[in-house]
Structure formats: structure tokens, C-alpha cells
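It should be emphasised that the depicted structure is a prediction, and the values quoted were computed from it without experimental measurement. These numbers come from the heavy atoms of this one structure, side chains and all, not from hydrogens, waters or symmetry mates. In what follows, chains are A, B, ... by sequence order, proteins preceding strands, each numbered from 1.
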Amino acid sequence: MDASLLSPVTRRVELAPGLVTLRFHNPHVARTTKAGQFVNVLPKAGFLDPMLRRPFSVYWTEGDEAEIIVQAHGRGTGILAGTHVGDMLDVLGPLGKPWMVNSEDYSTAVLLIGGVGVASMPLLTRALEREEIPIQTFYGARTGSLIAKEHLQNLHFATDDGSQGFHGSNVSLVRAALEKNKLNSPKLFTCGPTAMLRAAQSLAAEFGIPCEISLETEMACGIGICQGCPVRNEESVFQATGRRYRLVCTDGPSFRSEEVVI
Amino acid sequence: MNLPQNGAIKPDLRVRLGDVEFKNPVLVASGTFGYGAEANQWCDISELGGVVTKSVSWKPRMGNPPHRIIETASGMLNSIGLANVGVQVFIKEKLPYLARFDTKIIANIAASSVEEYRDVLEHIEANAVPNLAGYEINISCPNVKDGGLSFGTSVERTEELTTLLRASTKRLLIMKLTPNVTSVAPFAQACERAGADAISLINTLVGMSIDIYTREPRLNTVTGGLSGPAIKPIALAQVYQARKACSLPIIGIGGIVTAEDAVEFLIAGASMVQVGTANFVYPDAGIRVAKGLEAYLQKQSIARVSDLVNSLRVKAELKAAGW
């Protein structure tokens with residue numbers, strides 16, 4: 001039994017400088033991943049520095065192949081973003097729990113995306129389409145060239161520099177839509193920078209709508225062993241469960257927004 | 001010696017520690033393998049020599065706030081804070097789960113007082129399962145203020161605790177030592193005097209990492225425990241020093257990723273090894289090491305893994321000079 005699988009890169013698409021999608025051959029990941037799950041990938045297979053894997057939401061699957069989206073941010077992601085077709089990725093996964101698509105507390109899925117938080121949204125879109133749930137997608141980015149709009153639908157853009165769509169925050173776009181009652185029984189599915197997640201959390205509380213947030217943290221093992229990726233439970237969850245923290249890797253990465261402190 | 005059909009000698013990986021026979025000398029280190037269930041999805045636990053459990057204390061511990069881990073050059077800093085389920089859940093759920101596997105269990109115990117160490121040990125002892133081989137006593141966690149390091153940095157308290165726990169069990173008693181002392185030798189000797197069956201070393205080294213833009217420490221507790229390949233040379237030297245200082249069996253720990261790493265520890269004087277941080281990268285790291293060890297022995301025509309133990313070749317004049 002081999003825990004992690006060496007997976008050859010079959011396609012690399014550079015969306016913008018330092019922002020690439022990597023497609024790799026891995027039938028297990030491609031055929032069993034559910035929307036919102038992630039893979040833990042070594043920056044360089046067989047090397048001890050960088051030593052730890054990096055978690056990436058599975059961006060897309062097709063046949064025996066899966067894709068991740070990598071933004072060169074630090075050393076590990078920089079190495080990964082520079083991977084070539086034919087290079088081997090060492091991939092552990094799929095890991096974590098999927099998005100709660102069937103939570104039955106909504107009729108419109110509102111996807112609130114910040115930057116590379118787009119990573120889990122294409123598979124979520126596909127899962128929602130299969131359930132015939134209407135989708136509205138509010139996608140915020142620093143600038144238009146950093147937007148990865150494949151496999152998404154009903155897109156509304158917001159950019160910090162105004163280069164595409166609304167000049168400002170995607171959260172204000174959602175707020176405006178909520179205020180005008182344009183979204184029928186909505187649920188927010190959100191992933192992106194912490195500031196955006198917090199804004200989404202307050203928005204959901206204010207309007208009394210369900211909201212699920214997908215978290216990204218430092219992570220080592222990705223399988224619940226190292227206890228390195230805790231997220232603090234809201235007091236009510238702590239009182240009910242006795243658990244001060246849950247783990248992003250195995251209890252998440254997505255959580256009901258009212259249950260965690262971010 | 002087994003002689004398989006192809007005629008090649010199948011090396012004997014078995015190791016004895018006290019009355020216990022392990023199928024191979026590779027254990028997984030405490031805190032790097034949970035209580036087995038998490039990793040079992042990714043590997044067959046029964047192929048390991050044994051599992052050292054996540055530390056268990058009398059009451060459950062929530063652990064430290066984030067950030068708990070930071071990667072550093074060929075290693076990582078952690079400040080988990082002994083997050084664990086507590087001895088009651090350990091006995092009710094974790095121990096029975098591990099009892100299903102054909103491997104040995106070593107329960108790692110962390111505590112903040114002599115009484116707590118003894119109570120946890122006696123509680124597990126009273127609820128033991130057949131493959132519970134013994135206990136590893138964590139007197140070396142650097143990340144909680146009451147985590148036992150006050151024992152691990154005092155020779156007297158190490159000896160006192162070992163003596164007390166010795167009286168509570170006939171199973172293996174293994175004291176896990178810290179490298180954060182001037183010399184490990186007197187601690188090894190104290191454990192021997194007090195009747196321990198073995199010592200394991202090293203636990204993590206105190207380390208630190210700083211965000212130069214915010215000027216804040218990267219870990220919640222400012223300092224944390226450094227592990228991974230970065231610490232292997234230090235661990236090897238400490239195993240070697242402990243080997244010279246006492247005659248107790250040694251379990252070598254520190255940065256072992258490959259079978260070659262494990263072989264170095266055996267040559268330096270360890271009878272067994274623990275694979276730790278590597279489990280965070282490869283959940284089957286321990287099994288990879290065990291299989292690689294067998295391949296190494298076969299290739300080198302070494303019949304028994306025990307033939308490697310303490311086989312370091314140091315020139316006589318260096319030995320005479322105290323190296």
C-alpha cells in the first residue's frame with residue numbers, strides 16, 4: 001500500500017504570472033474527490049527541503065486526471081508553480097470533508113470567492129448543477145488578470161483596482177443583492193482571505209442566512225495526526241462538544257460560519 | 001534465519017526489549033501518528049514494529065492556540081501543547097482500537113506531577129490489552145509549562161519519577177529524554193539506576209522563528225520544538241553519548257526519514273528507532289523505513305538487525321581520548 005501517489009503532470013496552464021493550474025494523472029484522486037476536498041502535495045517529490053506537503057483544494061477532475069490551482073506565494077508554492085509537464089507530483093488525497101451541498105437550508109447557492117479561494121469553486125459549481133440548485137457567483141480579486149473564471153457560472157466580478165467588474169469588494173455586491181431581495185433563500189459558500197471570510201460571517205449573521213466558509217491554514221500532515229491546524233470553536237460549540245478546537249484538515253476545511261472563530 | 005525459495009538470506013529484523021519481541025525495530029514516535037486510526041487508512045499498522053501513542057494525560061488537553069506549526073529548513077517547529085483525549089477516552093476507545101493490530105503498543109504518558117504520571121500509568125495498567133508492550137514517559141515536552149520538562153531537566157527528579165513508576169508496572173518502562181540539557185549522560189545513568197527498561201531520545205529541540213515584517217514570533221508560544229531531518233545529526237550524537245554512558249537499550253529518535261537514517265542510529269548504539277516528523281509527509285514512513293532496512297541488510301549480507309547495533313568503528317586512539 002503506497003500512501004501517496006506519484007502523479008505525472010500532464011498539463012500546465014499559466015493564467016497569470018505566478019498563477020498556474022497543474023493537471024496530473026491520479027485516478028484515485030480524480031475519481032473519488034468530492035467538491036471541497038483537498039490534496040496535500042509535496043513541493044518537490046523526494047526532497048527534504050521544503051519538507052512538508054502543501055494543501056490545495058482540488059480545482060477540477062476529468063477522467064483519470066485532477067487539477068490544482070497554484071499561486072506562487074512562498075518557496076514551496078513557487079517550486080510547484082514552476083513544475084513542468086512530465087514532472088512528478090507526490091500527491092496525498094483526497095482529504096477533508098466536502099462542501100455541504102445537501103444541507104437543505106437554502107435554494108440559491110451564493111459563491112463568494114476571494115482570489116485563489118476560487119480553488120474549490122469549479123467542483124462546487126458542478127455539484128450544485130447536478131442538484132439543479134441555482135448559483136450566483138461573486139468573485140473578488142486584486143486585479144482582472146488574476147481571475148480564473150473557467151467552470152463557474154453567473155459571474156459577478158469585483159476587483160480592488162476596478163480593472164474588471166465592480167471597483168471594490170465582492171462582499172458589498174452580495175450585501176446589495178441581499179438588501180434588494182434578489183437572492184431567493186440564499187446560502188453563502190465562501191473561500192478567500194480571512195478579512196473577506198470575516199465580512200461574509202458578519203453578513204450571514206446580519207441577514208440570518210446559512211454560510212459555509214472554507215479555511216486555509218498552515219498544515220503538516222493533512223490527515224489529523226499532527227494536530228497542527230486547529231480552528232477555534234465558537235463558545236456554543238465548545239459548550240456542546242467540550243472541544244475548544246477542531247482541525248481544519250479532518251473536521252473541515254469547510255465549516256458553518258457561526259460555529260468557528262476566525 | 002529463514003531461507004526463502006530464491007536462496008537469498010532473509011534478514012532477521014526482530015528485536016527484543018526486556019521480555020517483549022518486536023517484529024522489527026521501527027516504531028512511530030509519539031504525537032506523529034495519533035492513536036493509529038488516522039493513519040490506518042493510508043498504511044497497514046501491523047507492518048510496524050510498534051506504535052507509540054500520542055501523549056495521554058489524566059484529563060483531556062485542548063492544546064495550544066494557533067499557530068501550532070511552522071516549517072523551517074529541513075524541519076518544523078511545533079507547539080501543539082499535548083492536545084490529547086485524556087486517559088478515560090484513551091482506555092475506552094483508543095487502546096481497544098490499537099489492540100486489533102498485530103503490532104506492539106507503547107502508551108506515551110505526559111503529566112505535570114509525579115502523582116499524575118503514576119495515576120495515568122496505573123489506570124492504563126488496570127485496563128491493559130494483550131499487545132500493550134509498555135510505557136514511554138514523556139519528561140521532555142518543551143511546549144507546555146507543566147508538561148514534564150521540569151522532570152526531564154533534573155537528574156534527581158528523573159531518577160525519582162523512574163523509581164516510582166518502576167514500582168507500578170512490570171511492562172516496559174521507557175523514559176523519553178530531552179536534548180535541551182548540557183549532557184544527556186547523567187540522565188541516561190539515572191534512568192538505569194532507577195530500573196527503566198530503556199531510554200528513548202531525542203525529543204524536540206527548543207527553537208524559534210520570527211516574522212520579520214510584523215516582528216512577531218511565528219508560533220503562539222514564542223518558542224517551540226524543532227524536529228525533522230534538521231535535527232538528525234544532533235540526535236545521533238546524543239544517542240552515541242548515551243550509549244557510552246549507560247548499558248540500557250536505546251531507542252533512537254530524531255529526523256529519521258529513510259532506512260539509511262535508521263541504520264545510522266543503530267550503528268551509533270540504538271537498538272530500535274522511532275520515525276516521527278516523516279509521518280506527517282508520508283503516513284507510511286515507518287513502514288517504508290522497515291522495508292528499506294530489510295533491503296539494506298539483505299544487500300549488505302547482514303543476517304540480523306541486531307548485528308548492526310552499537311557497531312560504530314571508532315579508532316582506538318580516539319576512544320582512548322574520550323570520543
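- Listed by first and then second residue, the side chain to side chain donor-acceptor pair (under 3.5 Å) pairs that reach into residues 68-79 of chain A are A:Asp49-A:Arg75, sequence neighbours excluded.
- In summary, the side chains of B:Asn108 and B:Thr53 do not present any donor paired with an acceptor at a separation below 3.5 Å, with no hydrogens or angles considered.
- For A:Glu216, the CD atom sits in a loose shell: 12 or fewer heavy atoms of surrounding residues, nucleotides or ligands are nearer than 6.0 Å.
- If you measure heavy-atom distances from A:Arg232 to chain B, you find no contacts under 4.5 Å at all.
- Within the 4.5 angstrom heavy-atom criterion, atoms from both the backbone and the side chain of B:Val281 approach chain A.
- With chain B as the partner, the residue from A:Val231, A:Thr250, A:Ile225 showing the most heavy-atom pairs under 4.5 Å is A:Ile225.
- The stretch residues 225-237 of chain B places B:Gly228, B:Pro229 near chain A, each with some heavy atom under 4.5 Å from a heavy atom of that chain.
- Around atom CZ of A:Arg142, no more than 12 heavy atoms belonging to other residues, nucleotides or ligands sit under 6.0 Å away.
- Of the listed residues (B:Ala278, B:Gly81, B:Ala285, B:Pro66), the greatest number of heavy-atom pairs within a distance under 4.5 Å of chain A belongs to B:Pro66.
- Comment: B:Lys23 does not engage B:Glu47 in a salt bridge, judged by the lack of any side-chain N to carboxylate O separation of less than 4.0 angstrom.
- The cationic group of A:Arg11 does not satisfy the cation-pi geometry with A:Phe24, failing either the under 6.0 Å distance to the six-membered ring centre or the 45° limit from the ring axis.
- Within the 4.5 angstrom heavy-atom criterion, atoms from both the backbone and the side chain of A:Ile223 approach chain B.
- A salt bridge between B:Arg68 and A:Glu218 is absent, with no side-chain N of the basic residue lying under 4.0 Å from a carboxylate O of the acidic one.
- In this structure, A:Lys44 does not pair ionically with A:Asp90, as no charged nitrogen and carboxylate oxygen lie closer than 4.0 Å.
- Comment: B:Glu216 does not engage B:Arg218 in a salt bridge, judged by the lack of any side-chain N to carboxylate O separation of less than 4.0 angstrom.
- Interface check for chain A: of the options B:His67, B:Lys54, B:Glu71, B:Met76, the most heavy-atom pairs under 4.5 Å are formed by B:Glu71.
- For chain B, no part of A:Asn40 is nearby; none of its heavy atoms comes within less than 4.5 Å.
- Most heavy-atom pairs under 4.5 Å with chain A, from the set B:Ala39, B:Ser74, B:Ala37, B:Ser79: that is B:Ser74.
- Judged by a 6.0 Å distance limit and a 45° cone about the ring axis, A:Arg243 is not positioned over the six-membered ring of A:Phe238.
- No other option in B:Gly31, B:Gly63, B:Ala83, B:Pro65 has as many heavy-atom pairs under 4.5 Å with chain A as B:Pro65.
- Within the 4.5 angstrom heavy-atom criterion, no atom of B:Ile287 approaches chain A.
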